[in-house]
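Here the structure comes first, spelled out in structure tokens, and everything after it is commentary.
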Number of protein chains: 2
Amino acid sequence: MSENRQPPRRSDGTRAAILRAARERFAADGYERATIRAIAADANIDPSMVMRYYGNKERLFAAAAEFDLRLPALTGVHPDQASELLVGHFLERWEGDETLMALLRAGVTNPAAAERMREIFAAQLVPVAERLSPDRPQVRAGLVASQILGLALCRYVLRLPPIVAMERADVVAWTAPAVRHYLTGSVTETAEVGLQVAGDAGQVD
Amino acid sequence: MSENRQPPRRSDGTRAAILRAARERFAADGYERATIRAIAADANIDPSMVMRYYGNKERLFAAAAEFDLRLPALTGVHPDQASELLVGHFLERWEGDETLMALLRAGVTNPAAAERMREIFAAQLVPVAERLSPDRPQVRAGLVASQILGLALCRYVLRLPPIVAMERADVVAWTAPAVRHYLTGSVTETAEVGLQVAGDAGQVD
DNA sequence: AGCGTAGGCCAACACCTGTTGACTCCGCCA
DNA sequence: TGGCGGAGTCAACAGGTGTTGGCCTACGCT
């Protein structure tokens with residue numbers, strides 16, 4: 001936010017092409033199988049240009065995996081609607097931008113990519129959970145992440161047939177209640193008693 | 001189940017050592033970063049032995065990724081208890097056997113590994129869902145998989161701090177209601193109305 | 001018009017990968 | 001005791017990887 005004072009350079013087009021190709025390859029192949037040579041070929045330039053502009057593969061990935069979830073604020077929204085909006089927004093974001101796919105595919109085997117996912121989680125999802133419940137928002141955000149990332153994993157990466165076949169609206173309808181439970185529901189402490197999902201958004205003690 | 005008529009061979013120990021080392025490496029590094037040389041070194045043998053006994057890397061992985069979830073039948077169990085048992089059993093299974101970690105780490109970038117996960121899903125999880133609800137059991141099983149794999153992803157792979165910090169009992173207490181919703185809950189069809197998670201195991205129309 | 005410099009390409013490096021084939025060694029059976 | 005087959009080792013292959021440095025070219029300023 002402070003160093004984009006540089007004037008537009010002649011190579012900006014190439015830089016962008018590299019970044020676009022990198023995101024595509026990282027998304028399709030993961031970190032190790034996405035080679036600099038393949039990325040350079042996609043961008044129609046020489047592999048050495050990638051090195052010149054991004055230093056090394058790790059920094060190229062860091063640049064390609066910059067991501068903003070653009071989550072809505074959701075302050076004052078009813079939890080039911082909030083969780084629906086959240087799931088729907090996430091699916092849209094996933095399908096419209098391959099950065100998330102790149103992050104997941106790479107994050108499973110590359111520590112830096114995993115760290116980036118933790119950063120995005122902490123900086124972008126936790127605040128939303130905080131706005132919806134003052135009680136253990138990090139845990140709530142983590143549970144939401146588990147459901148939402150698991151959904152993306154099964155639908156877009158592992159491609160489990162029944163999940164792939166679902167309409168997006170059905171996916172939202174099924175998973176939103178679970179997300180709502182995580183965002184605003186309560187839990188009987190050590191769970192010996194039969195659990196239940198409270199019928200309304202009962203806050204926790 | 002039909003061709004283990006072979007007598008015990010002198011090399012069985014080595015074969016087992018290779019398989020153990022392979023599981024470890026695939027679990028820790030994923031498919032591409034787990035090299036045959038590293039696996040052989042762990043097993044204290046020459047890389048060519050791996051080839052002799054398993055043909056190639058792909059078949060080695062197939063052998064190492066054989067897995068049985070050993071899910072309990074859960075027939076006639078109350079849905080609340082069933083989902084708790086399911087989540088608890090899965091966490092235990094995950095922590096006690098690195099095969100699942102290998103499958104997830106590899107399945108994200110390797111098509112054969114992803115296919116193996118789909119097989120395990122269809123052969124081992126769907127039947128359980130079928131026993132708990134006759135209504136769209138594949139979809140229900142898929143949703144359960146999304147929650148359960150997402151949990152494993154966040155807790156064991158991405159290591160999101162709030163999820164890692166939770167006690168296992170708390171994980172079960174939080175996620176079991178969502179799993180129960182997937183296994184026996186209903187969904188208002190296109191979800192314009194506010195959703196709710198039914199308080200009891202109301203079957204679907 | 002001349003020139004500095006940034007953009008771009010080429011060829012090579014050192015290393016690592018899966019995989020192969022020839023070789024040695026040991027234990028078992030005739 | 002001889003030999004036969006399986007267990008295991010060694011060295012090499014062909015190809016692919018990230019990365020480097022030198023070279024050429026052409027734009028844009030003066």
Side-chain angles (χ1 to χ4, degrees), chain A residues 3-26 28-65 102 105-106 109-113, chain B residues 3-26 28-65 102 105-106 109-113:
Chain A
E3 78 279 24
N4 33 356
R5 287 281 149 274
Q6 293 120 352
R9 302 197 225 178
R10 194 152 40 109
S11 62
D12 282 351
T14 305
R15 294 181 122 91
I18 293 174
L19 228 49
R20 194 173 341 118
R23 264 188 282 261
E24 265 179 47
R25 284 286 176 175
F26 282 129
D29 300 337
Y31 187 83
E32 16 275 332
R33 285 185 42 209
T35 70
I36 299 229
R37 282 171 161 89
I39 292 168
D42 287 0
N44 283 316
I45 45 108
D46 189 89
S48 64
M49 297 303 295
V50 179
M51 308 304 295
R52 186 191 279 273
Y53 291 140
Y54 293 96
N56 59 31
K57 190 178 182 180
E58 200 170 324
R59 273 184 290 187
L60 170 64
F61 178 82
R105 276 239 164 83
T109 49
N110 184 274
Chain B
E3 78 279 23
N4 32 355
R5 286 282 149 276
Q6 292 120 354
R9 301 197 226 178
R10 196 153 36 110
S11 62
D12 282 350
T14 305
R15 294 181 121 91
I18 293 175
L19 228 48
R20 195 175 338 119
R23 264 189 281 262
E24 265 179 46
R25 284 284 176 177
F26 283 129
D29 299 337
Y31 187 82
E32 17 275 333
R33 285 184 43 209
T35 70
I36 300 231
R37 281 172 162 89
I39 291 168
D42 287 0
N44 283 318
I45 44 106
D46 190 88
S48 64
M49 296 303 292
V50 179
M51 309 304 294
R52 185 192 280 272
Y53 291 140
Y54 294 96
N56 59 30
K57 191 179 181 179
E58 201 170 325
R59 273 184 291 187
L60 170 64
F61 178 81
R105 277 239 163 83
T109 49
N110 184 273

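First the proteins, then the strands, lettered A, B, ... as listed; each starts at 1. We use all heavy atoms of the structure for the numbers below, so side chains are in, but hydrogens, waters and symmetry mates are not.
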Quick one: does B:V50's side chain get under 4.5 Å of B:I45's, heavy atoms only? yes

Find which nucleotide of DNA chain D each of A:G55 and A:R33 is nearest to by heavy atoms, and output the residue with the more 5' nucleotide. A:R33

Residue pair A:M49/B:K57 against DNA chain C: nearer the 5' end by closest nucleotide is A:M49

Whole angstrom is fine here: how far is it from CD1 in B:I45 over to P in D:dG6? 18 Å

Nucleotide of D:dG21, D:dT9, D:dT19 approaching A:S48 most closely (side-chain heavy atoms): D:dG21

Would you mind telling me which residue lines up with the more 5' stretch of DNA chain D, B:T14 or B:R37, judged by nearest nucleotide? B:T14

Whole-Å distance separating the CG atom of A:D46 from the C1' atom of D:dT25: 15 Å

Exercise: identify the closest heavy-atom pair between B:A102 and B:R23: CB-O, 4.1 Å

On a heavy-atom basis, which atom in B:Y54 and which in B:R15 lie closest, and how many Å separate them? OH-O, 3.3 Å

With heavy atoms under 4.0 Å as the rule, sort B:Y54 into base, sugar-phosphate or nothing. nothing

Between D:dT19, C:dG8, C:dT20, spot the one nearest the side chain of B:M51, thanks. C:dT20

Over how many whole Å does the gap from B:N56 atom CG to C:dT17 atom C1' extend? 14 Å

Kindly indicate whether the side chain of A:R52 and the base of C:dG8 share any N or O donor-acceptor pair separated by less than 3.5 Å? yes

Whole angstrom value for the distance that separates C1' of D:dC27 from CG of A:D12: 15 Å

Please check the phosphate of C:dG8 (OP1 and OP2 only) for any side-chain N or O of A:Y53 closer than 4.0 Å. yes

Donor-acceptor contact below 3.5 Å, side chain A:R33 vs main chain B:E32: no

Closest of D:dC10, D:dG18, D:dG8 to the A:I36 side chain is D:dG18

May I have the distance from B:I39 (atom CD1) to C:dG18 (atom C1'), rounded to whole angstrom? 11 Å

Which nucleotide sits closest to the side chain of B:T35: C:dG18, D:dT19, D:dT17? C:dG18

About how many Å separate CG of A:L19 and CG of A:L60, when rounded to the nearest 0.5 Å? 7.0 Å

Whole angstrom is fine here: how far is it from CZ in A:R25 over to P in D:dG16? 14 Å

